[in-house]
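Written below as structure tokens is the structure these notes are about.
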2 protein chains.
Amino acid sequence: MTPRRRATLRDIAAALDLSVNTVSRALAGKDAVSEETRERVRREADRLGYVPNTMARSLVLQNAMTIGLVITNPSNPFYARLISAIEERGRVHGYSLMLMVTEDSVDNERRVAEELMRWGVDGVLAVPVQHGAEHWERLRKSGTPVVLVNRDLPGMEADLVGVDYYDSARRATELLLAGGARELYLVEEDLDISPVAERVRGFRAVLDEHGIAVRDDQIIKVPTRRRESSSQPWDPVDSYAIGRRLAGHAGPGSAVLAGNDYFALGVYRAFTEHGLRIPEDVAVVGHGDHPFAAYLAPPLTTVRLPAARVGATAVDRLLERMAAAAPGEGLGGGAQTTLLPAELIVRASATGRPARSPASSDPASPDPASPHLASPDPASPDPASPDPASPDPAPPESS
Amino acid sequence: MTPRRRATLRDIAAALDLSVNTVSRALAGKDAVSEETRERVRREADRLGYVPNTMARSLVLQNAMTIGLVITNPSNPFYARLISAIEERGRVHGYSLMLMVTEDSVDNERRVAEELMRWGVDGVLAVPVQHGAEHWERLRKSGTPVVLVNRDLPGMEADLVGVDYYDSARRATELLLAGGARELYLVEEDLDISPVAERVRGFRAVLDEHGIAVRDDQIIKVPTRRRESSSQPWDPVDSYAIGRRLAGHAGPGSAVLAGNDYFALGVYRAFTEHGLRIPEDVAVVGHGDHPFAAYLAPPLTTVRLPAARVGATAVDRLLERMAAAAPGEGLGGGAQTTLLPAELIVRASATGRPARSPASSDPASPDPASPHLASPDPASPDPASPDPASPDPAPPESS
DNA sequence: CTGAAAGCGCTAACAG
DNA sequence: CTGTTAGCGCTTTCAG
């Protein structure tokens with residue numbers, strides 16, 4: 001009984017004996033239409049259950065009202081939050097999201113970039129796989145702005161919105177040193193990506209400044225297993241293995257800085273099983289402030305990432321580029337890089353005097369290290385307030 | 001220098017002095033074209049960097065080659081994995097994903113459904129918000145198949161692909177009873193959705209069968225705070241509060257079954273802080289088998305959800321419906337419900353003899369309760385193999 | 001084997 | 001205020 005075929009402007013026009021054009025304008029709210037006609041059109045439109053055809057509209061308007069979002073792995077909690085933030089901010093501006101997943105494979109990424117071109121999306125937000133920038137370059141040259149998110153991409157001259165991991169690693173390392181650690185280990189994923197590189201850089205820099213030599217074996221790479229366990233988040237199993245190895249020569253003065261909380265967790269367990277106490281025998285700091293971090297025993301000191309802000313900022317930057325791309329201008333100015341600050345959340349796993357070390361270029365960290373330092377095994381596991389960095393979730397009214 | 005405007009078939013045709021039509025066929029690989037012409041066309045096409053315009057194509061073909069995916073919250077790890085699985089399976093069949101996020105708000109859902117109609121997506125996969133089915137009904141009546149995922153929706157007669165939570169709750173409860181628990185609590189999110197309802201039903205059923213009366217206060221609802229903390233996953237903070245309350249009258253024979261691992265975690269911490277031992281004083285079972293579950297102290301017994309399979313199955317079901325919707329047929333047969341079995345992962349937090357209770361309608365659970373039972377604080381935290389339910393990423397049969 | 005013509009659903013000039 | 005004419009980029013008849 002219901003119309004198998006969607007109603008179109010023409011159907012309305014026919015029923016009312018008007019021209020398609022008039023109907024179009026009536027519905028679009030343009031002026032050149034009598035109020036009466038407009039009313040009739042409206043009525044008929046929803047009598048027929050008319051729904052405008054976005055594709056047709058986009059085809060003529062030459063804009064897709066869509067932005068492509070390319071993510072390596074939605075199961076990474078940071079990216080999951082990024083997706084939400086981007087979707088929300090995009091919607092506010094009337095854009096839909098075309099989501100593509102690469103699983104950190106360049107082949108997938110190439111396919112995906114191609115598909116995005118075919119769709120003619122208005123802009124692309126991408127967490128790039130490490131190698132290969134040609135496909136993104138092609139896209140950009142064809143007039144589609146591309147903004148990199150979270151990871152930089154060497155061969156690509158594009159905007160980047162990410163997190164200041166160099167700084168977060170510095171702060172975490174300072175904290176560890178301030179707590180008395182001397183034998184530090186950095187546990188990172190074995191991927192050649194900028195976030196890892198930046199953290200390594202920050203880690204080394206601080207140790208250097210303190211005159212501590214860094215042996216190669218202090219920077220440990222955990223093999224990536226995302227590909228195999230498709231759509232599974234990081235698995236602590238490998239960091240657990242690493243933790244067991246470390247446990248042998250660990251003792252007071254040892255500390256581990258992990259590139260993500262899951263790695264910290266694996267290490268945690270290996271240590272406690274081995275009878276080592278955290279933080280007395282070995283201090284641990286993670287990255288990500290995943291929901292479980294505050295509830296471990298002891299609560300995990302970690303770095304809270306401004307996912308929501310990164311997402312919103314990335315969308316904003318992309319929107320600017322899209323606006324600039326419209327005229328003749330060559331896609332706005334030069335590439336801009338925006339690194340948002342992360343927040344060090346000090347909890348019991350890395351106790352010590354707040355990192356107020358001399359060398360710290362640390363820009364007025366919002367005094368994190370207080371409540372939790374008191375109780376090494378706090379009775380109040382941190383109300384874990386929602387991303388404090390996102391109290392600006394876009395126009396709360398937006399019409 | 002680079003073409004501001006994308007090359008079109010016409011450009012190729014003009015350059016080669018051919019008709020648009022011929023070029024189209026040449027590129028589409030249709031037969032009625034001489035090999036020579038085809039070659040010339042191909043060459044010119046990529047000289048010009050031609051990329052077919054999907055929108056134009058879709059407009060005439062009347063299919064969008066897109067499926068809409070509506071998710072309440074990507075930060076829920078289960079949904080994150082679902083997204084990956086669906087994207088992957090969709091891509092295999094040539095479909096792109098339009099992702100929409102509702103944050104469990106009906107208003108958002110209505111907007112989103114409308115938008116999906118406008119795009120004319122070929123089908124929709126949705127994790128529905130509890131109330132309001134009219135917008136989905138409209139979509140369906142307009143000829144777009146809708147398959148519900150994970151949650152049922154009362155007013156809607158549509159296919160559903162989900163998890164058998166009734167069974168998972170039953171099995172978990174049986175396990176707890178077998179372990180000697182008598183005072184059981186079920187901690188669930190305060191949402192009126194089928195997964196929760198099913199678990200409550202399973203929980204009650206088993207207790208009933210064992211002649212144990214269930215007081216209302218044994219079924220505890222944790223307030224939802226997703227909306228506020230937009231794009232944040234569950235926060236254990238509320239379940240932690242609940243755990244503290246429970247800790248008062250908990251003791252040997254007490255047990256908690258949690259609707260998700262984060263809740264279990266909150267309870268965990270409240271108990272241990274209160275000096276209660278797990279599982280000796282109180283046993284705990286979660287839901288979800290999130291990556292951290294195996295690494296808690298003690299490792300958390302939980303239910304592993306077949307996210308990848310749910311995703312793949314949902315896509316397959318949708319594809320069937322889409323195929324059926326093409327002819328005159330009324331969208332295939334009646335609504336089908338597919339509930340995939342979850343797997344009970346027994347770890348130290350809920351020790352006891354394997355649940356081999358009489359009333360168990362339990363279809364040969366794959367003998368879970370062995371390796372971990374031995375060591376209440378196992379030295380081998382479960383290699384947490386990737387979703388064992390998805391070693392068959394391809395159509396097990398379906399198509 | 002190739003071209004001409006029509007049309008998907010909508011919007012943008014331009015006339016009347 | 002309203003209708004006519006084009007055309008977005010592509011595919012599909014149907015003739016040649």
Side-chain angles (χ1 to χ4, degrees), chain A residues 3-42 44-45 48-66 117-122 142-143 326, chain B residues 3-42 44-45 48-66 117-122 142-143 326:
Chain A
R4 190 76 290 136
R5 193 179 57 75
R6 281 167 62 179
T8 72
L9 285 188
R10 176 148 70 211
D11 297 329
I12 301 178
L16 263 38
D17 200 45
L18 284 172
S19 80
V20 175
N21 184 321
T22 304
V23 176
S24 168
R25 272 165 8 214
L27 258 21
K30 306 249 178 171
D31 15 317
V33 177
S34 76
E35 251 329 307
E36 192 212 325
T37 307
R38 175 157 307 168
E39 230 355 273
R40 286 175 56 214
V41 169
R42 283 221 181 92
E44 185 65 12
L48 259 38
Y50 170 74
V51 175
N53 183 324
T54 300
M55 291 237 231
R57 185 166 205 280
S58 288
L59 186 58
V60 31
L61 259 29
Q62 295 285 59
N63 72 341
M65 287 316 282
T66 297
M117 287 204 74
R118 293 164 113 100
W119 273 105
V121 295
D122 303 312
S142 83
Chain B
R4 188 77 289 133
R5 196 177 55 76
R6 283 167 60 180
T8 72
L9 286 188
R10 176 151 67 212
D11 298 328
I12 301 178
L16 263 40
D17 202 44
L18 284 172
S19 79
V20 176
N21 183 323
T22 304
V23 176
S24 168
R25 275 169 1 220
L27 257 21
K30 307 251 176 172
D31 14 316
V33 178
S34 75
E35 250 330 306
E36 192 212 327
T37 307
R38 174 156 308 171
E39 231 352 276
R40 287 175 56 216
V41 169
R42 283 221 180 91
E44 185 65 12
L48 258 37
Y50 171 75
V51 175
N53 183 324
T54 300
M55 293 237 236
R57 184 166 207 280
S58 288
L59 187 58
V60 31
L61 259 29
Q62 296 284 57
N63 72 340
M65 288 315 283
T66 297
M117 287 204 74
R118 293 164 115 99
W119 273 107
V121 296
D122 303 313
S142 83

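In what follows, every chain begins at residue 1, and chains take the letters A, B, ... in the order their sequences are listed.
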As a test of reading the structure: which of C:dT2, D:dG9, D:dT2 is closest to the side chain of A:R25, going by heavy atoms?
D:dT2

Taking the same atom, P, in D:dT5 and in C:dA6, what whole-Å distance lies between them?
14 Å

Spacing between A:R6 atom CZ and C:dC8 atom C1', to the nearest angstrom:
12 Å

Can you tell me how far P of D:dG16 sits from CG of B:L18, to the nearest Å?
20 Å

Looking at residues 52-64 of chain B, who's got a heavy atom less than 4.0 Å off DNA chain D?
B:P52, B:N53, B:A56, B:R57, B:V60, B:L61

Atom CG of B:L9 to atom P of C:dT2: distance rounded to whole Å?
16 Å

Assign each of A:V20 and B:S19 to its nearest nucleotide of DNA chain C by heavy atoms, then name whichever residue's nucleotide is nearer the 5' end.
B:S19

Can you tell which of C:dA4, D:dG3, C:dC10 lies closest to the side chain of A:T22?
D:dG3

side-chain N/O B:T37 vs C:dC1 OP1/OP2, d < 4.0 Å:
no

So, do A:V33 and A:V41 sit near enough that their side-chain heavy atoms are less than 4.5 Å apart?
no

So, do A:I12 and A:L48 sit near enough that their side-chain heavy atoms are less than 4.5 Å apart?
yes

Considering only atom P, compute the distance from D:dT2 to C:dG9 and round it to an integer number of Å.
24 Å

Should the side chain of B:N21 and the base of D:dT13 be counted as holding a donor-acceptor pair, with the cut-off at 3.5 Å?
yes

Kindly say if B:S34 contacts the phosphate of C:dC1, meaning a side-chain N or O under 4.0 Å from OP1 or OP2.
no

Atom CH2 of B:W119 and atom P of C:dC8 are separated, to the nearest Å, by 20 Å

For a quick test of reading the model, state the closest non-hydrogen atom pair linking B:D11 to B:A7 and the distance between them.
OD2-CA, 3.2 Å

Return no unless some side-chain N or O of B:S24 is found under 4.0 Å from OP1 or OP2 of D:dT11.
yes

Min side-chain heavy-atom separation A:E36-A:E39 under 4.5 Å:
no

Stems involving DNA chain C: give each as a range paired with a range, ordered by first number, where a stem means at least three consecutive Watson-Crick or G-U wobble pairs under 3.5 Å.
C:1-11 with D:6-16, C:13-16 with D:1-4

Quick check: closest heavy atoms across A:G120 and A:A64, and the distance to 0.1 Å?
O-CB, 3.3 Å

Integer-rounded Å distance: C:dT2 P and B:L16 CG
11 Å

In whole Å, what is the span from the CG atom of B:L27 to the P atom of D:dT11?
9 Å

Should A:R10 be listed as having a side-chain N or O under 4.0 Å from OP1 or OP2 of C:dG7?
no

Strictly distance-based, threshold 3.5 Å: is any side-chain N or O of B:R6 a donor or acceptor partner for the main-chain N or O of B:V51?
yes

Counting C-beta onward and ignoring hydrogens, is there a side-chain heavy-atom pair between A:V23 and A:L16 closer than 4.5 Å?
no

Quiz: residues 54-63 of chain B side-chain donor-acceptor pairs under 3.5 angstrom, not counting sequence neighbours:
| from | atom 1 | to | atom 2 | distance (Å) |
| --- | --- | --- | --- | --- |
| B:T54 | OG1 | A:R118 | O | 3.3 |
| B:S58 | OG | B:T54 | O | 3.1 |
| B:S58 | OG | B:N63 | O | 3.0 |

Just the rounded figure in Å: distance from P of C:dT2 to CG of B:D17.
12 Å

How close do A:W119 and B:T66 get, counting heavy atoms only, and between which atoms?
CZ2-OG1, 3.0 Å

Got a second to check how far A:T22's OG1 is from A:D17's CG, nearest 0.5 Å?
10.5 Å

